[in-house]
Undergrad: 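There's a structure below that I have some questions on.
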Amino acid sequence: MRNLLAIERSVVGVSSTEVPDLPLTAVAWDSSADSLICTHGPCEAEALIELKRVTKNGQAVNIASWDAPSPSPTLPCDRVLDLHYFSDTFSTCVVLSGGDIVIVKEDTLPGENKIEIVGSVDEGITAAAWSSDEEVLAITTGASTFLLMTRDFEPINDVTLSPNDLNASKHVSVGWGKSETQFKGKRAKAMKDPTVPEKFDEGVLSPLDDGVTRISWRGDGAYLAISSVEASQRRLIRVYSRDGSLDGVSEPVDNLEGPLSWRPAGNLMAGIQRFPDRLDVVFFERNGLRHGEFTLRIPSEMVKEERVLELLWNGDSSVLAICFKDKVQLWSTGNYHWYLKQELLFPDELQVGLQDLVVQWHPEKPLQLALGAKEKVITHEFIWSVFSGSSMPPNDYGIAAVVDGATLKLTPLRIANIPPPMSFREVALGSTPTDVAISPSGCRIVVLRGDCIDLITWKFEKQRLISEPETFQRILELEGFSSYRQISFLDEETLGIVYDEDGSSVLQTISIPHSGPTESTNTFRLPENVTVLRLGAVPELVSFFYEDNQGNVSLYNPRNHTVDRICRLPSICPWVQVAIFDEQNVVFGLSQNGRLYVNDRMIVPNCTSFAVTSAHLIFTTTQHFLKFVHLHGDFKDLEVPPDDPTGDERCRNVERGSRIIHVMPTSFSLTLQMPRGNLETIFPRALVLAGVRRSIEVKHYRRAFSACRNHRVDLNILHDHAPAQFLESIELFVDQVKNIEHIDLFLSQIREEDVSKTMYRETLLAAEATEPALPVYGISVDPSKSKVNKICEAFLRVLLKNRLATNLQNIITAYVCKSPPDHDAALLLIGKLREENLELAEQAITHVCFLSDVNKLYDNALGLYDLDLTLMVAQQSQKDPREYLPFLQSLQEMENTRRMFTIDDHLGRFTKACGYLHALGDVAFSEMSGYVIKHELYQTALDLFKYNQEKLKVIMSLYATYLEGASRYPDAGLCYEFLGDYSNAVSCYRSAGMWQEALFSASQVPFSQDELDELSSSLAETLLDAKEYIEAATIHIEYRNDVAEAARVLCKGCYIGEAMRLIGKQGKSELLESVVDPGLGEGFAQTSELIADCKAQLIAQVNRLRELRAKKEENPLAYFDGVAEEDAPDDVSLAPTNVSTSASLFTRYTGKTGVTAQTGASRRTSKNRKREERKRARGKKGSIYEEEYLINSIGRMIERLDTIRAETKRLLQGLVRRRMRERAVALQTQMEEILEQLTGCVKEVFEEGSRIMEEGERGEITTGTKRIAPVVKPFDGIGVL
């Protein structure tokens, strides 16, 4: 779908300064200076060679000149066979047919010769060519020899071109065509193999063969081909390797002529074969076998007169130049079809002879071509361009025009995606077009040919072509010859055309009204030496835009003849588009090296093609991504999406080498062309969503729904993009969509997730600033706040009002799609309809059964106590009538309340069933008691009998028994106490440890003194075990009158002050020495031992932590139990591979290897996970978990010391009060020292900011939350110490 478009054409006059009319004989490119090296002469009249440099602006600088007389009487004059410039040494190599090889240096040192003949061949030279790397020179001589020389002209090989070379052919013959291999029976003709040719070539020499030997190198310089005439009978192609070894010869081809060119890509060699009625370009493989051909577009009556002078491939193998005496044709291929893309015609005064044509491709710019003839050099620079129509709705038909010689192939891609080389329509033209322009409406197409303009018209309506293309040829004759390069529509009746004149470009405006003559209205000439590279139009501004050769992009208004410069691009951009956003002119430019610019800012360094719509900048990259950039007013803040096709709608993968052909926002489609030429139309999610959002915003819900349905977009976006608007427009939605099934489809796909913030998150900058909502799969939602319920309720309000008959199916769907489904409301509606319209009710029953589980629906209908409705549902199910009919009949026979109880009991609604049993009265109380026990409905029964004390006590007694049996002793005790059963209440309170309630209930029994002593002793022991010292002491004082035991209990809890107060109150001072002092001693010993243990543990663990961290710092691999790098074997590669599954530093403790980490699979089983948890808890020495275990252990030590702070302070106070100051000082000092040590090492131990190792969902160990160092507070001791 791509065409060659000329962006620059320069004509430079080159003439000899020493000898008038000395002809131009050769040109070569100096790629470093982007200039041409030319030679003039020699000729028969003057044996002089003049070498000069010619720049683009026409300046010519003489380099050297010298005499070159003919070395042989048989040669009228010497001739330049090869001219090559070495930019690294600033020297030129000239190879002459007389046998001389001359080196000319531009910059010479003192005493150094400027011109030097470095070699000479006495027999003369017939052909010469340098390899692509400029290291080897190949020449053929008049003595039928072939020489290879180095850059220093040292011989590599000298080979004789012998007829015996034919024996080197590797072609295999199986005898096809020989009489002895042919079947000659009666049915021989019918059985003939169609793959066998009628005639086998013998290599007959063409009568028009020029007899010239040609050499062509392969692009990599490894092989070269020589085409020469063998014994005046056959033209033969020999293939040699770089060292001069014969690799193969061509198979016999009749009428094979001299031109030869090896494609730089290396797969084919091109030659010319002449037939009586046509000329073919034939291709050979390296082994000499034929490999396809194509026919040149020449009228059969002119074949005898036409001669192909040269074949030349360009640098990237994309274009083949075929040179005739009056023109050069540029051919390219795609999808196995050869297209004639450009035809460069020579004026009559420049038409050349057989050996006067000079054609040379630029070695580094693949599409720059130099043509030399007589005294002029014409330089053409082309780009690949898609001739396409507008991408602005509604005229975005995707029209693409493909040039193929005198045929223009037209395809509206939105209507018919026809792959090339086929097309939707073909239009015959008078000659090969130079440029093609398509009007904004797509209904008019103008074709720029060499000296005229053609007009093509056709019409579209509602996605179809309503009139065939009609061609009006030569609507305007153009003055000048081949200087017109580009053409563009401004509107339906105005054209702009660019041509070059006197070193600058001219922009000519042409009017082509629908009725009236075509005429030129005005011209605008650019300044001197300023040429137009690209021409386009901005219809909104009624202006043309153009980019000049200095990178400036400007607007030209043909009405008021004003020029406004928009910007200057940082580099020349052959592909340019101008658009308007928020009244700002924005230029998009793509340079040859893949840099995409927006005005003067580069946004992408690796772009391969781009397109602009009203909402997006779309481009492809060298990483094979298709990306979308949202366009808004501030073009400086355009955000390019990352290379993440999975998480962003603005990026997606495309096939390698894809290029954008056309984008059609109306159909949400984009057409790409693959490197081999075929087309692929895709519907990018970004385009689809942009169209859906636009439709929703203008309340065109039918179009939005159709787009979502056709392109598999979640229908939730219809609501989520504008929720308030949608809920207000339910009636409009129903009226637009209309189709009942489509409305059902929408309702059935609603879910709680807000897709506008998750899968279809708006990627504009303003939207990205907000916090995205998370998916709500599996999360229970309050029904009153449920999105699903809001939408269903809104539909029900609209549909139930006056659309019951037409949208009953949607109403049922709305009920069923609620969360949870409102089956009861749907069934009640159906029950009401059954009385009014039985047929409608049956349809509704059928639909609701289709949407729901019929068995559950049967239970719902039964729960409504409507047996007729239940029967209708049952008949829609797969149930056997023998299963449900007897049951329904039995229900029909029951009294109403008993029936309701039976139904609720059957459905498992035991609470409601209990209520109906209560309604049956006293006759059913016994049954109800058993039912309450069976289904544990005690709370329900208590509520039902709250006004009947007698039955309430019965139920409460049953409840107390149940609670006691379930070991719920506190509640059981309360129930027994409520019933006045204090004996059982004491038992329950005692089991629950509720000492106050137990002792009170014991006093109400009442208990004897012995029983009370036994109870109080037991309760005190229980409280002491629970370390509730104050409560235990209270029992000993108040119920056992045992002051000594009470004081002893208080001393165990370090409540020394309370113990001393109690002793003083009771007047038993002797207990101070017998109880308090021993208690203080025991408390001091326990606390001192605990602190000493903590000190020893802290020292050992901190030292071990330092040791572990030093090891980890020195050698992480060894620390993680891997293989140290210095211990790795020398013969084993440390590079990872896809088949490697061994654990590494990064995968050993993640539960994944190289393969499972890619697939997301986990190697951990539940058993392995539990074993790993046990290892982690143990923190075995040397394991990966040891460091974490040590850190956690020190953290637990800090927590333990915090719990004994208050206890220690009370103990210190007691020691001082009992005159044990030395012990108090020692204990306080120990406490302060341990806390001071912890304060000093806590930062080192916990490494503030490091992360804790956690176990993931699949069992892998990962780094989790940040570890926070605990705060160690100083000890608040006693000041007197």
Side-chain angles (χ1 to χ4, degrees), residues 5-6 385 387-392 395 397 399 401 403 408 410 427 429-431 433-460 467 469-501 504-526 531-548 553-564 576-578 580 585:
L5 177 66
S385 178
F387 298 159
S388 59
S390 173
S391 60
M392 303 299 292
N395 298 319
Y397 296 106
I399 300 173
V403 173
L408 186 65
L410 299 174
V427 179
L429 305 171
S431 60
T434 302
D435 193 11
V436 177
I438 302 171
S439 69
S441 68
C443 296
R444 308 185 89 191
I445 302 170
V446 290
V447 179
L448 174 63
R449 294 195 282 131
D451 57 351
C452 66
I453 296 176
D454 297 340
L455 174 65
I456 303 170
T457 62
W458 58 354
K459 290 184 179 180
F460 297 93
S467 68
E470 184 178 0
T471 305
F472 302 91
Q473 293 193 353
R474 310 186 76 86
I475 62 171
L476 182 67
E477 299 286 344
L478 301 174
E479 299 179 359
F481 188 86
S482 300
S483 60
Y484 291 88
R485 292 190 284 112
Q486 296 181 30
I487 192 168
S488 177
F489 267 102
L490 177 59
D491 53 42
E492 294 296 314
E493 298 184 349
T494 308
L495 292 175
I497 187 170
V498 168
Y499 64 92
D500 299 318
E501 187 177 73
S504 64
S505 292
V506 178
L507 176 56
Q508 181 177 356
T509 305
I510 299 172
S511 174
I512 51 168
H514 290 281
S515 59
T518 300
E519 59 182 359
S520 175
T521 57
N522 61 68
T523 58
F524 165 67
R525 181 180 295 276
L526 274 71
T531 59
V532 172
L533 297 183
R534 285 307 301 266
L535 175 68
V538 187
E540 297 89 345
L541 299 177
V542 196
S543 300
F544 293 103
F545 75 83
Y546 64 87
E547 180 191 9
D548 59 33
V553 180
S554 307
L555 291 174
Y556 169 66
N557 190 319
R559 295 183 179 178
N560 52 25
H561 309 287
T562 58
V563 177
D564 297 320
V576 177
Q577 287 195 39
V578 176
I580 302 175
N585 299 326

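Values below: every heavy atom of this structure, side chains too, minus hydrogens, waters and symmetry copies. Nothing fancy with the numbering, it's 1 onward along the sequence.
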Undergrad: Is V563 close to L555 at the side-chain level, that is, under 4.5 Å between some pair of heavy atoms?
TA: no
Undergrad: Side chain to side chain contact (heavy atoms under 4.5 Å, CB included) between V538 and I580: does it pass, once the steps are laid out?
TA: CA-CA 8 Å; V538 187; I580 302 175; 3.8 Å; yes
Undergrad: Do the rings of Y397 and F460 sit parallel, tilted or perpendicular, given the 30° and 60° boundaries?
TA: parallel
Undergrad: In Å, rounded to the nearest 0.5 Å, how long is the span from CD1 of I512 to OG1 of T518?
TA: 6.0 Å
Undergrad: Specify whether H561 and Y556 have parallel, tilted or perpendicular ring planes, treating 30° as the upper limit for parallel and 60° as the lower limit for perpendicular.
TA: tilted
Undergrad: Rounded to the nearest 0.5 Å, what separates atom OG in S488 from atom CZ in F544?
TA: 6.0 Å
Undergrad: First locate atom OH of Y484, then atom SG of C452, and finally report the distance between them rounded to the nearest 0.5 Å.
TA: 11.0 Å
Undergrad: Is any side-chain heavy atom of Y499 closer than 4.5 Å to one of L507?
TA: no
Undergrad: Any side-chain to backbone donor/acceptor pair from T523 onto Q508? Under 3.5 Å, distance only.
TA: no
Undergrad: For the pair T521 (side chain) and T509 (backbone), establish whether a donor and an acceptor sit closer than 3.5 Å, ignoring hydrogens and angles.
TA: yes
Undergrad: Between P440 and E492, is there a side-chain heavy-atom distance shorter than 4.5 Å?
TA: yes
Undergrad: Under the 3.5 angstrom rule, does the side chain of E547 hit a backbone N or O of V553 as a donor-acceptor pair?
TA: no
Undergrad: For S390 and N395, which I'm curious about, is there any donor-acceptor pair between the side chains at under 3.5 Å?
TA: no
Undergrad: Any chance you could measure E470, atom CD, to K459, atom NZ, to the nearest 0.5 Å?
TA: 10.0 Å
Undergrad: Which residues pass the side chain to side chain donor-acceptor pair (under 3.5 Å) test with T531, sequence neighbours left out?
TA: N549
Undergrad: Taking the side chain from D435 and the backbone from L448, do they hold a donor-acceptor pair closer than 3.5 Å?
TA: no
Undergrad: Kindly indicate whether the side chain of V436, heavy atoms from C-beta on, has any atom under 4.5 Å from the side chain of L408.
TA: yes
Undergrad: Tell me, do V498 and Y546 make a side-chain contact under 4.5 Å, heavy atoms counted?
TA: no
Undergrad: Could you please spell out the steps behind the side chain to side chain donor-acceptor pair (under 3.5 Å) verdict for N557 and T562?
TA: CA-CA 5 Å; N557 190 319; T562 58; 4.8 Å; no
Undergrad: Taking the side chain from Q486 and the backbone from L533, do they hold a donor-acceptor pair closer than 3.5 Å?
TA: yes
Undergrad: Tell me every residue that passes salt bridge (charged side-chain N to carboxylate O under 4.0 Å, His left out) with D548, counting only those two or more places apart in sequence or in another chain.
TA: none
Undergrad: Can you tell me how far the CD1 atom of I399 sits from the CD1 atom of I445, to the nearest 0.5 Å?
TA: 5.5 Å
Undergrad: Between I497 and L478, is any pair of side-chain heavy atoms under 4.5 Å apart?
TA: yes
Undergrad: Among I453, D454, L455, which residue meets the side-chain contact (heavy atoms from CB on, under 4.5 Å) test with Q473?
TA: D454
Undergrad: For S431, check side-chain contact (heavy atoms from CB on, under 4.5 Å) against everything at least two apart and list the hits.
TA: R449
Undergrad: Drop me the distance from F545's CZ to D564's CG, to the nearest 0.5 angstrom.
TA: 15.0 Å
Undergrad: Could I get the full list of side-chain contact (heavy atoms from CB on, under 4.5 Å) partners for D491, not counting sequence neighbours?
TA: E493, T494, R559
Undergrad: Is the side chain of R485 donor-acceptor paired with the backbone N or O of V532 at a distance under 3.5 Å, no angle test?
TA: yes
Undergrad: Do S543 side-chain atoms and L541 backbone N/O form a donor-acceptor pair below 3.5 Å?
TA: yes
Undergrad: Residues in side-chain contact (heavy atoms from CB on, under 4.5 Å) with S504, at least two apart?
TA: R525
Undergrad: Return the set of residues passing side-chain contact (heavy atoms from CB on, under 4.5 Å) with Q577 (not counting sequence neighbours), or none when no residue passes.
TA: F610, V612
Undergrad: For a 4.5 angstrom cut-off between non-hydrogen side-chain atoms, does F472 reach T457?
TA: yes
